[in-house]
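Below: the structure, in structure tokens.
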Amino acid sequence: MRLSTAVLVFFASTAATASESAAQFPQQQPQRVTGPWSDSTLSPDRRAELLLAQMTLDEKIALVHGSGMRSGGGSNGGAGYVPGIPRLGIPALQMADAVVGVTRGAQMGRYSTPFPSQLAISSTWDVRGACEIGTTIGDELFDQGYTMSLAGGVNITREPRNGRNFEYKGEDPILAGKLVASEMRCLQARGILGDIKHFAANDQETGRNIGNVILDERSLRETDLLPFEIALRETDISAVMCSYNKVNTDWACENSYLMNEFLKKAVGFKGFVISDWGGTHSTMKAALAGLDMEEPGGGYFGDSLKAAVQRGDVPAARLDDMVKRILRSQFAVGQFDRQRARTVPNVFAGLEVAQRAAERGAVLLKNANHRLPISAARVRSIAIIGSHADVGVLSGGGSSQVDAPGGNPVAAAAVTNAPAGGGFGRVPTWYPSSPLRAIQAKAPRAKVTFDAGTDPSAAAAAARAAEVAIVFVNQHTSEGRDVTSLTLPDNQDAVVAAVAAANPRTIVVLESGGAVTMPWIDRVSAVLAAWYPGIRGGEAIANLLFGDVNPSGKLVLTFPKSQTDLPHASVFGPAAAVASGGGSPATQAGGVAGGRGGGRGATPPFDIPYTEGLKVGYKWYDAEGKTPLFAFGHGLSYTTYAYSGLHVEPGTSQSAAAAVSFTVKNTGTRAGREIAQVYASLPASTGEPPKRLIAWDVIDLDAGESKTVRLAVDPLFLSVFDTSTHAWRLPVGQYTIRVGGSSATLPLSSTIALQR
Ligand code: BGC
């Protein structure tokens, strides 16, 4: 029933100040104020317009900036807080970082599930699984009293040494975009505002507050901006967080090309652009370029914006647009209509979802002579070595760090590879999920020993005394610093080499934020990349090693043979750091390690010329003819699959440029999950890298079972960005379509001609 417009409007008081709002506005229980905007049959945009019409200038200004981190009487303790407006029943924005779970849970006396890294989640290639993560994190945010997630990291892995790659979804823009769209759609369905970040091209942490990324328009649109375009096209995502860096000379948060031209005009984004913390640099320029909210304070979008609007320097209509975008996003996810009290998260649901993602995202990189799975019935002794695998599994650091339930089981003093500052000033966090205990539980009759893995000869002695040696190696990564090299730190390569020389059944388990080099690869039997596997990592690893779960993850980034194969010899940095031989990651970061938005001016700005352009990740290796150690899309299983019957034809609708079908058969003796991948080589005239991923499917197959897969190829995924018309163009000509289980193994191939 439509509500009457007049009668239901209650004015509790005249305009309230921010602090009054906080005091009067208990979290999650906004005073119910109704008005014409309360009619839930109207569109979010219409409702926002009706509410906006009631607001004073001060109220509008109060909504477009934060009121400090974790501060203010009404703050829920998260990274950001915008007080609500009780007079109009506008709920507060209570923001928490939530890339891999709700942060600061323990510090607030609450519980949150630490999920596997986003890199692990993406290695499942599973859009339904991404939805499950979104739903679970959305529920935990809601249960803890938050209304907005600062998550959805979707920068592509252009720089493999980037300290935040674990927060992101790998090197392919289409895969990353589809996964983040699914996660955000499901998170928002739980009544939480979603956000995708860091927009744009914030592909390294070194000098993130001063670096100027130089990238031509076509490369920008086809690589770094594409996951944002795909995600926003598929899901009405509430917010996009603009990043710290400059892009082609303008700061991302005052970059009209990025925000006005691309996001709002080309993609039709209806939500709001929120600055990264301290990433706003001006009032007028930023406001006119499309920034809608400053965080975490109001240095530019508080009094200064009010004065600019009063002077007419920023049109009142632009301020209205900012506010409308925020309100319509709150309406769209139901924050005015649904109320729920703060409660306790469902711990058990979280554990289950986290373990499933860890199991499905781990990638079996090598398995010579079928050394894996380990037979629980037959194995008599196992030496476990390294990485504190007796007590836990590693996680990535920075603002996305989820507290370890019960505390970090690895005492700070025992952390051997804590870099100076540890990333955000913290030592690496292990989660209390012990691989050793989980492995012992699988093989209760076997003798299981542990060696710290700090001394190669002690590790070799432990390995020699056992039937199977499992070496855990790790590389800790964090926001605020990049790694200087893909070499495992702390002499771990020497430990693996010594163990492999002592025991022919050496299995390596990798816990990392991305690719590492493996000089010992030919000497070990098996390698399992477990990434940062989250709170059930120990159990997941044991299930995979013993075959209770058949590995099914596939790489979403390339493992190079050597660092010299990367597009750039080192991460770009300020001249001083580079001239002095690179310096520590902390000094390379140009004064930003551990800080947000700080460090500007400490070191002169520097350029980050991404001259590889379109050739990101596997496209680089393909184009340059370099054979990687492990290719994008690679991942083994305990069963085998056969591909046959490829059929490709032009699509018959606007949403399908081509229709692809093929059959996958499980030719082994156990059930498995195969990730079938479809790549296209575009007509040679386009000048594109040799191939790109255009579609995939995750298929569960019993032993001996076959399934026929039918996939429609989105025209965008076959298109190139035409810089003369500033639009996507589907090239006319011959396409080669290849299908298989890895970018390096594509047994099926067919060509198709697309006409105008
Ligand atoms: C990070 C963002 C994060 C924000 C709030 C910044 O340092 O770059 O990803 O959401 O802090 O914690």
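Computed from a predicted structure; not experimentally measured. Order of listing sets the numbers, starting from 1, for every ligand and every atom in it.
Close approach of ligand 1 to Y244 is summarised as follows: ligand atoms under 4.0 Å from at least one heavy atom of the residue are 6 (C), 7 (O), 8 (O). Close contacts between ligand 1 and K197 involve ligand atoms 2 (C), 3 (C), 9 (O), 10 (O) [criterion: under 4.0 Å to a heavy atom]. Atoms of ligand 1 found under 4.0 Å from any heavy atom of R164, numbered from 1 in the order shown, are 1 (C), 2 (C), 8 (O), 9 (O). The atoms of ligand 1 that sit less than 4.0 Å from any heavy atom of R208 are 7 (O), 8 (O). Numbered from 1 in the order shown, with element, the atoms of ligand 1 that lie under 4.0 Å from a heavy atom of A79 read 5 (C), 12 (O).
Taking K306 as the reference, D58 meet the salt bridge (Lys or Arg N to Asp or Glu O under 4.0 Å) condition, with sequence neighbours excluded. Considering only residues two or more places apart in sequence or on other chains, F166 meets the ring pair (Phe, Tyr, Trp, His ring centres under 6.0 Å) condition with Y532.
Side chains of E159 and H568: no donor on one and acceptor on the other come within 3.5 Å. Side chains of E140 and S112: no donor on one and acceptor on the other come within 3.5 Å.
To the nearest 0.5 Å, the span separating CG on L93 from OG on S75 amounts to 11.5 Å.
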Residue pair F272, M322: steps toward the side-chain contact (heavy atoms from CB on, under 4.5 Å) verdict: CA-CA 7 Å; F272 58 102; M322 296 176 192; over 6 Å; no
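The closest approach between a heavy atom of E167 and any atom of ligand 1 is not below 4.0 Å. Using a 4.0 Å cutoff on heavy atoms, M241 counts as a contact of ligand 1. Residue E295 places no heavy atom under 4.0 Å from ligand 1.
For ligand 1, the polar-atom distance check against W277 finds no nitrogen or oxygen pair separated by under 3.5 Å.
Scanning L150, D97, T103 for the heavy atom closest to atom 3 (C) of ligand 1 points to D97.
Between F572 and Y610, the ring planes lie perpendicular to each other; the angle is over 60°, past the 30° to 60° tilted range.
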